[in-house]
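Presented below is the structure to which this report refers.
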There are 2 protein chains.
Amino acid sequence: MARPREFDEREALTAAMQVFWEKGYEATSIGDLTARMNIQRPSLYAAFGGKEELFEAALRAYSQMSLAYVERMLGSGESTKAALQAFLQGIIDGPGGGNPSYGCLCVNTMVELGPHEPKFAAITNDYQAKLTDLFREAVERGVRSGELPARLNPALIASVLSVTAIGLSVSMKSNTERSRVEPVIKEILTLIE
Amino acid sequence: MARPREFDEREALTAAMQVFWEKGYEATSIGDLTARMNIQRPSLYAAFGGKEELFEAALRAYSQMSLAYVERMLGSGESTKAALQAFLQGIIDGPGGGNPSYGCLCVNTMVELGPHEPKFAAITNDYQAKLTDLFREAVERGVRSGELPARLNPALIASVLSVTAIGLSVSMKSNTERSRVEPVIKEILTLIE
DNA sequence: CTCTTTCTGTACCTATCGGTACATAATATT
DNA sequence: AATATTATGTACCGATAGGTACAGAAAGAG
């Protein structure tokens, strides 16, 4: 047909995602993006439409990636409690192996754009709902297997874990001193004993 | 000596605080500020120095105001547990009587500027530390009065409450459906039973 | 090999950003 | 009342924002 793309669209999107993750939407310029994506300005517009569309794509990609990571974390291993503990600890140590200062792109977006951009709020709400679902399923499995007490309300515990995860993520963004919030994990997990 | 200010500096600062609270730092323009502060551009620079300095002043003012509000909430009333419950409920209903979509300016700032602006991170860290202190003191009072069990670790409970408050505030920003997180409060408060 | 189609790179567009110069208006002091 | 001093309002500054026009380069189809 014609000249093919000289860059990998998926790689470029991942790079864009990282920039938005680190700097936020407003503080990220097109120049920041093209530099990290290693493409030229018009290529960005041709491939992704514009800053807003690119951000939407990056946010969706992040959401998928993060939820897959959570599912993997909570599904693996025999102990539900150990898995939950490890996941929450991961938020403090740096989500997905990244810097804890970056937090979670979805959480960051809830704060920066949630109240003013319904399109993005819908994505982050969906993210939070699915995250809570994954927690609920994990707790249900724990209850079924007998590891966790039967009196637990899995949906309720899941909401608590979701709020806690968000709180931990935000709390680490401006103060990365782990010891400050690390004991919180253990205390929260007494709720499932 | 000379011509006096035609506006009240405190009022103007409060107006600026509200704009930053609603829109965030980056998304707020000088025009947005002067419009809501009812002053002219050069007056803003003469009185506050610039956008960054104005934001710092607004952030400090918010921190003071918010901590005073928390202190009042947690100090009043006979029951520590009821006070904590009311405070957390207030986050969901709208902090300080405002819209819950705005969340808390300090929390918003942790997310938007925390990792990149040490000057502001210092202010928000101080805020969080003092908030946690107020929680700890409240729990200590509850323990001393016999309302709460003596086995509690007040500092630990305070950290949990602080993380929970942040999580609730953020969670409400992109989804103001109260019923989604309301039960979380009750469940968290079982930790002090 | 030629032509058509798509992508790349440079250069540029307008709008808006944070910040300021300057003339004018208003007050406290003398 | 005259003057010195500060605030106000308009108009503007350079820099940068997001976005695009256009010419040249590269690859498929014939």
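Within every chain, numbering begins at 1; the chains are lettered A, B, ... in the order of the sequence lines, protein sequences first and strands thereafter. Keep in mind that the numbers below use all heavy atoms, side chains included, and drop hydrogens, waters and symmetry copies.
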- Item | Pair listing, side chain to side chain donor-acceptor pair (under 3.5 Å) test, anchored in residues 182-193 of chain A, at least two apart | A:Lys81-A:Glu193, A:Gln89-A:Glu182
- Residue pairs, two or more places apart or on separate chains, that pass side chain to side chain donor-acceptor pair (under 3.5 Å) and touch residues 33-50 of chain A: A:Glu22-A:Arg36
- Task: Assess whether atom CD of A:Gln64 is packed by more than 12 heavy atoms of other residues, nucleotides or ligands within 6.0 Å.
- Result: no
- Note on the structure: Residues passing the ring pair (Phe, Tyr, Trp, His ring centres under 6.0 Å) test with B:Phe48, sequence neighbours excluded, are none
- Which residues pass the ring pair (Phe, Tyr, Trp, His ring centres under 6.0 Å) test with B:Tyr127, sequence neighbours left out? none
With sequence neighbours excluded, tell me which residues meet side-chain contact (heavy atoms from CB on, under 4.5 Å) with [X].
{"X": "B:Asp133", "result": "B:Arg136"}
{"X": "A:Glu56", "result": "A:Arg60, A:Lys119, A:Phe120, A:Ile123"}
{"X": "A:Ser145", "result": "A:Glu147"}

Could you check if a side-chain atom of [X] sits within less than 4.5 angstrom of a side-chain atom of [Y], using non-hydrogen atoms only?
{"X": "B:Gln128", "Y": "A:Arg180", "result": "yes"}
{"X": "B:Leu33", "Y": "B:Phe20", "result": "yes"}
{"X": "B:Gln18", "Y": "B:Tyr102", "result": "no"}
{"X": "B:Ile157", "Y": "B:Asn153", "result": "no"}

- ring pair (Phe, Tyr, Trp, His ring centres under 6.0 Å): pairs with one or both residues in residues 131-151 of chain A, sequence neighbours excluded: A:Phe87-A:Phe135
- Query: Counting just side-chain N and O atoms, does A:Gln40 come under 4.0 Å of either OP1 or OP2 of C:dG9?
  - Reply: yes
- Side-chain N,O (A:Ser43) to OP1/OP2 (C:dT8) below 4.0 Å: yes
Polar-atom pairs under 3.5 Å, protein N or O versus N or O of nucleotides 23-28 of chain D: list them with distances, or write none.
residue : atom : partner : partner atom : Å
D:dA25  : N3   : A:Arg3  : NH1          : 2.9
D:dG28  : O4'  : A:Met1  : N            : 3.2
D:dG28  : O3'  : A:Met1  : N            : 2.9

- Interatomic distance, B:Leu33 CG vs C:dG19 P [rounded to whole Å]: 11 Å
- Task: Let me know the distance between CG of B:Leu44 and P of C:dG18, rounded to the nearest Å.
- Result: 10 Å
- Query: For DNA chain D, which residues in residues 108-117 of chain A have a heavy atom at a distance below 4.0 Å?
  - Reply: none
- Message: Give the residues of residues 53-61 of chain A touching DNA chain C, defined as any heavy atom closer than 4.0 Å, sorted by residue number.
- Response: none
- Item | Of B:Arg5 and B:Pro42, the one whose closest DNA chain D nucleotide lies more 5' | B:Arg5
Mind listing the N/O atom pairs, protein and nucleotides 14-18 of chain D, below 3.5 Å?
residue : atom : partner : partner atom : Å
D:dG18  : OP1  : A:Thr28 : O            : 3.1
D:dG18  : OP1  : A:Lys51 : NZ           : 2.9
D:dG18  : OP2  : A:Ile30 : N            : 2.8
D:dG18  : N7   : A:Arg41 : NH2          : 2.7

